[in-house]
There are 2 protein chains.
Amino acid sequence: MLDNLAGKITDSELEVMKLLWCAKDALPVTAIREELQRTKGWEPATIKTLISRLVSKGVVRQEKRNVYYYSPVITEKEYSSWATKDLITRIYNGKARDLIASLVNSDGLSQDDIAELRELFKVEE
Amino acid sequence: MLDNLAGKITDSELEVMKLLWCAKDALPVTAIREELQRTKGWEPATIKTLISRLVSKGVVRQEKRNVYYYSPVITEKEYSSWATKDLITRIYNGKARDLIASLVNSDGLSQDDIAELRELFKVEE
DNA sequence: ATTCGCAGGCTACAACTGTCAACTGTATTG
DNA sequence: CAATACAGTTGACAGTTGTAGCCTGCGAAT
């Protein structure tokens, strides 16, 4: 269900998704515009384009009220786990453990991270 | 040193890089072409374009012999660790452990993987 | 009711990507 | 030496991405 959709979210579009993911309910353009104009310095037109593209791609749903309200079709977790899997496929020959190994031996993780992960693996199973 | 370069390697270009990374020495176009024509079904022209672009981007070096020989400027490890860091920045708000947590709770890892990782963390430090 | 602001839809446009063809010069081969 | 083959260079062309303007109609404010 994600294979066709999520792969297509670009960097700029992702900023819009992040905002929608934060919001608990659907948002009108006004709200999206205000936030992204401030944080990203984008023109209203740019923001409208990004939203339209996300709707075309099927990852954002629009709900007609007085004005359209937008909400994400896929969750942030779905997306990030898809993106991670995609990285593993493309770069680590499908081997997830190679990704982690790479993180471990390249300053990708702080000591804190490592400690926390050790916990994580202890709890698991 | 990577920030400027590596980010720009596209999917198609990556296939060329993978080949160069596998080879122990620099390769002439002939060798690259043979392999990618067979495995990817690309036309010679396509392959030549990809190589040129990689050279322009500075991630592949050409060495003049009778004919140019090509070799990677960045190592596979450098690239993959950059790409991973990039993913973490863009999607996991810079928190590496969130990436791993996501992998752990989403079928990203097989039981084998988990076992192996547990080993990895035991050995570390 | 007239005006004003803006949501939505359409258009634009340069840079980047995925694919590839045509030309040009040099090296190999008969 | 003439013909062939192909590396290297340049151009091409459609689709995607980043960024943004214009126009039209509706709803809010005067």
Side-chain angles (χ1 to χ4, degrees), chain A residues 3-20 23 26-71 79 83 86 90-91, chain B residues 3-20 23 26-71 79 83 86 90-91:
Chain A
D3 317 284
N4 356 354
L5 313 171
K8 312 265 179 182
I9 298 178
T10 70
D11 284 352
S12 297
E13 288 163 2
L14 188 58
E15 297 303 322
V16 178
M17 291 305 287
K18 282 180 181 169
L19 182 53
L20 295 178
L27 295 179
V29 172
T30 326
I32 303 177
R33 182 171 42 66
E34 263 169 26
E35 179 67 9
L36 293 178
Q37 199 162 13
R38 194 169 51 74
T39 62
K40 297 287 161 184
W42 287 337
E43 292 300 314
T46 303
I47 297 161
K48 285 189 272 182
T49 300
L50 294 175
I51 297 175
S52 302
R53 288 182 183 166
L54 286 167
V55 171
S56 312
K57 291 180 181 181
V59 288
V60 162
R61 163 179 36 231
Q62 51 184 188
E63 171 196 350
K64 186 76 177 175
R65 308 242 266 258
N66 221 332
V67 115
Y68 281 124
Y69 276 66
Y70 301 91
S71 53
Y79 178 69
D86 182 57
R90 288 186 305 110
I91 309 217
Chain B
D3 317 284
N4 357 353
L5 313 171
K8 312 265 179 188
I9 298 178
T10 71
D11 285 351
S12 296
E13 287 162 4
L14 188 57
E15 297 303 322
V16 179
M17 292 305 286
K18 284 180 182 171
L19 183 53
L20 294 178
L27 293 179
V29 173
T30 325
I32 303 178
R33 182 170 43 66
E34 264 168 25
E35 179 68 8
L36 293 178
Q37 199 161 11
R38 193 169 52 71
T39 63
K40 296 289 162 185
W42 286 336
E43 292 301 314
T46 303
I47 297 162
K48 286 189 272 183
T49 299
L50 294 175
I51 296 175
S52 303
R53 289 182 182 165
L54 286 167
V55 172
S56 312
K57 292 179 180 181
V59 288
V60 162
R61 163 179 36 232
Q62 49 185 189
E63 171 196 347
K64 186 76 178 173
R65 309 246 262 264
N66 221 333
V67 115
Y68 281 125
Y69 276 66
Y70 301 91
S71 53
Y79 178 69
D86 182 58
R90 289 186 305 111
I91 309 219

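Residue numbers start from 1 in every chain, and the chains themselves are labelled A, B, ... in the order their sequence lines are given, proteins ahead of strands.
One interatomic measurement links the two molecules: CG of A:Leu50 to P of D:dT19, which rounds to 8 Å at whole-angstrom precision. Regarding B:Gln37, its CD atom lies at a distance of 12 Å from the C1' atom of D:dC6, rounded to whole Å. Rounded to an integer number of Å, the gap from CG of A:Asp11 to P of C:dT17 is 11 Å. One can place CD1 of B:Ile47 at 16 Å from C1' of C:dT17, the figure rounded to the nearest angstrom. Residue B:Ile51 contributes atom CD1, which lies 14 Å from atom C1' of C:dC20 at whole-angstrom precision. Rounded to whole Å, the distance from NZ on B:Lys8 to P on D:dT17 is 15 Å. Following rounding to the nearest Å, B:Lys57 (NZ) and C:dC16 (C1') show an atom-to-atom distance of 8 Å. Atom CD1 in B:Ile9 sits about 11 Å away from atom P in C:dT17, given to the nearest Å.
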List, one per line, each side-chain donor-acceptor pair under 3.5 Å for residues 31-38 of chain A, sequence neighbours excluded.
unit_1, atom_1, unit_2, atom_2, d
A:Glu35, OE1, A:Arg38, NH2, 2.8
A:Glu35, OE2, A:Arg38, NH2, 3.4

Review item, nucleotides 7-11 of chain D N/O atoms under 3.5 Å of protein N/O:
unit_1, atom_1, unit_2, atom_2, d
D:dA7, OP1, B:Thr30, OG1, 3.4
D:dA7, OP1, B:Arg33, NH2, 3.1
D:dG8, OP1, B:Tyr68, N, 2.4
D:dG8, OP2, B:Tyr70, OH, 3.1
D:dG8, N7, B:Lys48, NZ, 3.3
D:dG8, O6, B:Lys48, NZ, 3.3

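A distance of 13.0 Å separates OG1 in B:Thr46 from NZ in B:Lys40, rounded to the nearest 0.5 Å. Atom CD1 of A:Ile91 and atom OH of B:Tyr79 lie 4.0 Å apart (nearest 0.5 Å).
Screening A:Leu54, A:Leu27, A:Val29 for a side-chain contact (heavy atoms from CB on, under 4.5 Å) with A:Tyr70, the sole residue that qualifies is A:Val29.
With sequence neighbours excluded, the residues forming a salt bridge (Lys or Arg N to Asp or Glu O under 4.0 Å) with A:Glu13 are A:Lys57, listed by chain and number.
Residue B:Trp42 places no side-chain N or O under 4.0 Å from the OP1 or OP2 atom of C:dG18. The side chain of B:Thr46 places no N or O atom within less than 4.0 Å of a non-bridging phosphate oxygen (OP1 or OP2) of C:dT19.
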